[in-house]
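Take a look at the structure set out below.
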Amino acid sequence: MIEHRAFFGDGEKLFALTDNQITELERLTGEAIGLFYQRFIAAQFRFAELTHIIRLGLIGGEMPPQDAHDLVNAYSKITPIHDIFKLAFDILEMRWSGEQATAEGATE
């Protein structure tokens, strides 16, 4: 499993966009993952799309869906969008390239 570990909410969490989570992301956004990724890295995203990536990543990291929903609802609304974007980008980029993203957005 391609996974990403990061602090979110109240501690370090495991995130993974499995095939099932990507299929759900495509359904929620109405776009194929390639088109969504291109739009996302161009910073043409909706706030809900950021939270979808984080929530689905938590579920893929084996957190129960209701717990993932509750955690995202509790913390995403009080966290700066820049920080939410960075986490969502890191989760998506890890699945896209298999590499950890750097602070500048490039991969290592």
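In terms of heavy atoms, I41 sits closest to Q38 at CG1-O, 3.4 Å. What you find for I33 and W96 is that their closest heavy atoms are O-CZ3, 4.1 Å.
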(request) Check the pair D19, R95 against salt bridge (charged side-chain N to carboxylate O under 4.0 Å, His left out), reporting the backbone distance first and the verdict last. (result) CA-CA 10 Å; D19 291 351; R95 178 59 199 265; 2.8 Å; yes
(message) With side-chain contact (heavy atoms from CB on, under 4.5 Å) as the criterion, how do I2 and L17 come out once you've worked through the C-alpha distance, each side chain's angles and the decisive distance to 0.1 Å?
(response) CA-CA 8 Å; I2 300 172; L17 288 178; over 6 Å; no
(request) Test side-chain contact (heavy atoms from CB on, under 4.5 Å) on I53 and F89 and set out the steps. (result) CA-CA 9 Å; I53 292 169; F89 176 80; over 6 Å; no
(request) Go through L14 and E62 one step at a time and tell me if the side-chain contact (heavy atoms from CB on, under 4.5 Å) criterion holds. (result) CA-CA 8 Å; L14 176 64; E62 301 185 356; 5.8 Å; no
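Residue F8 is tested with L87, I91, D83 for a side-chain contact (heavy atoms from CB on, under 4.5 Å); the sole match is L87.
Looking at heavy atoms from C-beta onward, L35 lies out of side-chain contact with R39 at the 4.5 angstrom threshold. Considering only heavy atoms from C-beta on, I59 comes within 4.5 Å of Q21 through its side chain. The side-chain heavy atoms of R55 and M63, taken from C-beta on, include no pair separated by under 4.5 Å. Put simply, the side chain of L50 reaches to within 4.5 Å of the side chain of F40, judged on heavy atoms. Using a 4.5 Å heavy-atom threshold, the side chains of L56 and I22 count as separate. When side chains are defined from C-beta on, F36 counts as touching E49, because their heavy atoms get closer than 4.5 Å.
By the criterion of side-chain heavy atoms lying less than 4.5 angstrom apart, applied directly or through intervening Ile, Leu, Val, Met, Phe, Trp or Tyr residues, I78 is grouped together with L58 in one hydrophobic cluster.
Salt bridge annotation for R5-D90: absent, with no cationic side-chain nitrogen under 4.0 angstrom from a carboxylate oxygen.
Between the side chains of N20 and E24, not a single donor N or O lies within less than 3.5 Å of an accepting N or O.
Crowding of I81 atom CD1: a count of heavy atoms from other residues, nucleotides or ligands under 6.0 Å not exceeding 12.
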